Amino acid sequence: MKGNTITRAHMAEAVYQEVGLSRNESAELVDTVLDEVSHALVRGESVKISSFGSFLVRLKGERVGRNPKTGEEVPIKPRRVLVFRASHVLKDRVNKGAEKQP
């Protein structure tokens, strides 16, 4: 498995290559899309991207945790967590890509 990471700059460059917008316009487009996704999640909305997956915000209730070092019980406050569910199309692509790797 490769240790590469896709960044905003990589995505902007891909938009530049594929769509033909200027580099600045491509970067602005990527930023706008990611900002809209972020704002929707902050508002508690779900974001569904067809053939890719869904981002959901879930509420986790208060619970009792344990400090692994001391074994002491510690209350964990309720919080919101971000969950990503990959679509079947994405899962299939990932699995087919894994089959091609030696």
Side-chain angles (χ1 to χ4, degrees):
M1 181 185 291
K2 296 178 185 173
N4 297 340
T5 300
I6 301 296
T7 64
R8 283 181 186 232
H10 290 114
M11 289 190 283
E13 184 64 24
V15 170
Y16 168 73
Q17 296 289 331
E18 293 292 322
V19 179
L21 296 174
S22 72
R23 280 195 165 88
N24 286 340
E25 290 172 328
S26 298
E28 287 176 18
L29 177 64
V30 169
D31 286 343
T32 301
V33 170
L34 294 176
D35 285 344
E36 183 56 35
V37 169
S38 297
H39 293 315
L41 293 168
V42 167
R43 292 189 302 265
E45 300 173 7
S46 298
V47 176
K48 185 174 185 175
I49 302 173
S50 181
S51 300
F52 185 73
S54 299
F55 295 91
L56 311 162
V57 176
R58 287 209 179 131
L59 301 175
K60 289 187 99 174
E62 186 172 350
R63 61 190 174 93
V64 177
R66 193 174 299 277
N67 181 332
K69 202 171 194 178
T70 64
E72 178 186 353
E73 288 189 353
V74 180
I76 299 174
K77 295 180 181 177
R79 65 188 192 276
R80 296 174 2 148
V81 295
L82 181 61
V83 178
F84 175 72
R85 272 202 187 145
S87 73
H88 291 290
V89 174
L90 179 59
K91 288 178 184 178
D92 291 344
R93 285 182 188 166
V94 169
N95 287 326
K96 286 180 183 172
E99 291 171 3
K100 294 179 184 177
Q101 306 248 338

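All figures in this text were calculated on a predicted structure; none of them were measured in a lab.
- Considering CG of Asp31 and CE of Met11, their distance stands at 8.5 Å, rounded to 0.5 Å.
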Determine, stepwise, if the pair Phe52 / Val89 fulfils side chain to side chain contact (heavy atoms under 4.5 Å, CB included). CA-CA 7 Å; Phe52 185 73; Val89 174; over 6 Å; no

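- Residues His10 and Thr5 have side chains not in contact (no heavy-atom distance under 4.5 Å, counting atoms from C-beta outward).
- Connection of Phe84 to Leu82 is established within a shared hydrophobic cluster, with ILVMFWY side chains joined at heavy-atom distances below 4.5 Å, either directly or through further cluster members.
- With a 4.5 Å cut-off on side-chain heavy atoms, Lys60 and Pro78 do not count as touching.
- Residues meeting the side-chain contact (heavy atoms from CB on, under 4.5 Å) test with Val19, sequence neighbours left out: Val15, Leu21.
- Between the side chain of Arg63 and the backbone N or O of Ile76, no donor-acceptor pair lies under 3.5 Å.
- Side chain of Arg80 to main chain of Val42: a donor-acceptor pair is present (N/O by atom type, distance under 3.5 Å, no hydrogens or angles).
- What you find for Val47 and Ala40 is that their closest heavy atoms are CG2-CB, 3.8 Å.
- Considering only residues two or more places apart in sequence or on other chains, Tyr16 meets the side-chain contact (heavy atoms from CB on, under 4.5 Å) condition with Glu13, Arg23, Ser26.
- Between Ser51 and Arg93, the shortest heavy-atom contact is O-NH1, 4.4 Å.
- A salt bridge is defined here as a Lys NZ or Arg NE, NH1 or NH2 lying under 4.0 Å from an Asp or Glu carboxylate O, and Arg8 with Glu28 fails to meet this definition.
- With a 6.0 Å radius and a threshold of 12 heavy atoms from other residues, nucleotides or ligands, Gln17 has its CD atom above the threshold.
- The minimum heavy-atom distance linking Arg66 with Gly71 is given by the pair NH1-O, 3.1 Å.
- Of the inter-residue distances, the one linking Leu90 atom CG with Ile49 atom CD1 reads 10.5 Å to the nearest 0.5 angstrom.
- Each of Leu56 and Leu41 belongs to its own hydrophobic cluster when Ile, Leu, Val, Met, Phe, Trp and Tyr are linked at side-chain heavy-atom distances under 4.5 angstrom.
- A distance-only check finds no donor-acceptor pair linking the side chain of Glu36 to the backbone of Val33 [under 3.5 Å].
- Across all non-hydrogen atoms, the minimal contact from Ser54 to Lys48 is OG-CG, 3.5 Å.
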